[in-house]
Structure formats: structure tokens, C-alpha cells
Amino acid sequence: MKTSRSILLTLLLLLPIAVAAQSQTGHVRIVGDTRASMMVDKHVELNSKMGTIPGYRVQIASFSGANSKTSAFALRDAFMADYSTVQAYVAFDEPNFKVKVGDFRTRLEAFAFLQQIKETYKGYIIRDNIYPEPPERIEYAPDDETSGDE
């Protein structure tokens with residue numbers, strides 16, 4: 001019983017403070033260097049021009065040492081001969097040349113492709129920035145009257 005009285009008393013004491021806090025309005029003014037704002041704008045502009053989005057690729061090899069660059073490009077060319085519809089990339093991640101294939105938006109798409117190639121190319125799925133496919137072009141009917149049904 002005594003604890004419920006103390007809780008009630010505490011609530012009654014805090015109620016005017018909560019009401020006063022809700023009724024107050026104010027203005028926020030941010031004071032800062034304009035160069036910081038310009039840098040953020042430049043960052044947004046560069047990211048919009050980049051043209052990549054987060055996604056997945058299948059890494060099929062990583063080479064280091066002598067002739068690693070030649071080996072990586074030879075594997076890329078061989079892969080593209082086998083799978084002409086899938087893009088392959090060679091990335092230099094010091095000291096390795098990595099061969100990555102595909103531009104997959106989801107991990108599931110990358111996994112399905114990995115299952116297709118696993119007999120020939122051993123690999124694993126990695127997160128990477130990918131180049132998305134351009135949206136499908138929609139062909140609209142011409143507006144002139146000569147091409148319409150009569």
C-alpha cells in the first residue's frame with residue numbers, strides 16, 4: 001500500500017513537468033562551416049554518377065605471385081567464352097588478382113548461378129558493388145494516325 005502511494009505521489013509531481021515540456025516550442029539553428037555542406041553535396045553527386053549498387057558476385061579465383069595478372073585475365077577470358085551472357089571482372093586487391101563473375105542483386109540469384117558453374121569453376125559468393133541492368137525499354141505506339149487500327 002505504501003509503495004502505491006509513493007508511485008502516485010511521484011506521478012503527481014512529474015505531471016506538471018511533462019506538461020510544461022510538451023507545451024514549449026523552440027527553434028534549432030545549426031551553425032557550421034559551409035565547406036562541410038559543400039563536401040556532403042559533392043559526395044552525393046559522385047555517388048549518383050558511380051552507377052553501382054550493393055549486390056553479389058561469385059569469386060571463382062584469386063591469384064598472387066609471378067604471372068598472377070596473366071593467369072587472372074586468361075581465366076576471365078575462358079569464363080566469358082563459356083558463359084558469354086555473364087560479365088566477368090578482374091580486380092586487383094593487393095597482392096591478389098581476383099576473378100569475379102556476375103552482377104546479382106540477391107544472394108539467392110548468385111547461389112543459383114554458382115550451382116550452374118560448380119562443376120567447371122569452383123567459387124564462392126561475395127558481397128560487391130554491381131552494375132545493375134538497365135531497365136527494360138518500353139516501346140510505345142506512335143501517335144500518328146497512319147499506324148493505328150481503322
Side-chain angles (χ1 to χ4, degrees), residues 7 10-11 14-150:
I7 293 173
T10 305
L11 289 174
L14 293 177
L15 185 63
I17 295 170
V19 171
Q22 289 180 355
S23 64
Q24 293 179 355
T25 59
H27 299 281
V28 177
R29 190 174 132 212
I30 300 174
V31 178
D33 193 352
T34 58
R35 291 178 290 180
S37 176
M38 290 177 7
M39 286 175 56
V40 169
D41 293 341
K42 187 69 168 176
H43 179 73
V44 169
E45 179 185 342
L46 289 174
N47 281 344
S48 66
K49 290 180 181 178
M50 190 112 162
T52 61
I53 61 172
Y56 297 90
R57 288 199 171 121
V58 176
Q59 182 172 318
I60 58 173
S62 179
F63 298 98
S64 64
N67 297 323
S68 58
K69 183 177 181 181
T70 306
S71 300
F73 279 97
L75 179 63
R76 183 202 64 179
D77 295 342
F79 177 85
M80 291 186 74
D82 293 341
Y83 298 93
S84 60
T85 60
V86 179
Q87 187 64 38
Y89 306 93
V90 174
F92 180 65
D93 187 12
E94 192 174 344
N96 301 318
F97 284 91
K98 298 179 179 181
V99 182
K100 305 172 186 179
V101 298
D103 288 312
F104 306 105
R105 291 181 183 250
T106 66
R107 188 174 182 84
L108 185 61
E109 290 174 357
F111 181 75
F113 182 72
L114 180 59
Q115 296 307 306
Q116 289 177 7
I117 67 169
K118 73 179 181 180
E119 295 298 321
T120 310
Y121 300 97
K122 305 297 180 199
Y124 57 94
I125 299 168
I126 60 168
R127 289 187 61 83
D128 206 354
N129 288 331
I130 63 169
Y131 298 102
E133 292 181 15
E136 290 183 21
R137 187 177 185 106
I138 300 172
E139 296 293 332
Y140 293 103
D143 288 336
D144 64 325
E145 294 159 18
T146 58
S147 64
D149 292 332
E150 295 182 15

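Please read all numbers here as calculations on a predicted model, not as lab measurements. Values reported hereafter were calculated over all heavy atoms of this structure, with side chains retained and with hydrogens, waters and symmetry mates removed.
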Between D128 and Q59, is a side-chain contact (heavy atoms from CB on, under 4.5 Å) present by the stated rule, with each step listed?
-> CA-CA 10 Å; D128 206 354; Q59 182 172 318; over 6 Å; no
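- Minimum interatomic distance between K122 and E119 (heavy atoms only, all atoms of both residues): NZ-O, 4.5 Å.
- Of all heavy-atom pairs between F92 and P95, the closest is CE1-C, 4.1 Å.
- Listed here is the closest heavy atom pair of Y83 and Q116: OH-O, 3.8 Å.
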Do V86 and I117 pass the side-chain contact (heavy atoms from CB on, under 4.5 Å) test, and can you show the C-alpha distance, the side-chain angles, and the key distance before you say yes or no?
-> CA-CA 11 Å; V86 179; I117 67 169; over 6 Å; no
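- Taking both residues in full, the closest heavy atoms of Y89 and G102 are given as CE1-O, 4.0 Å, listed atom of the first, atom of the second, then distance.
- To the nearest 0.5 Å, atom CZ of residue F73 and atom CZ of residue F97 are 7.0 Å apart.
- To the nearest 0.5 angstrom, S62 atom OG is 9.5 Å from K100 atom NZ.
- The heavy-atom pair separating F113 from V101 by the smallest distance is CE2-CG2, 4.0 Å.
- Rounding to the nearest 0.5 Å places CG of N96 at 10.5 Å from CZ of F63.
- Distance check: Q87 CD to F79 CZ gives 9.5 Å after rounding to the nearest 0.5 Å.
- The OG atom of S64 lies 10.5 Å from the NZ atom of K98; values are rounded to the nearest 0.5 Å.
- Rounding to the nearest 0.5 Å gives a distance of 10.0 Å between OH of Y56 and CD1 of I130.
- At most 12 heavy atoms of other shown residues, nucleotides or ligands fall within 6.0 angstrom of atom CE in M39.
- When atom types are taken as modelled, the side chain of R57 and the backbone of N129 share a donor-acceptor pair closer than 3.5 angstrom.
- Under the side-chain contact (heavy atoms from CB on, under 4.5 Å) rule, Y121 has a single partner from V58, V99, L114, L75, which is L75.
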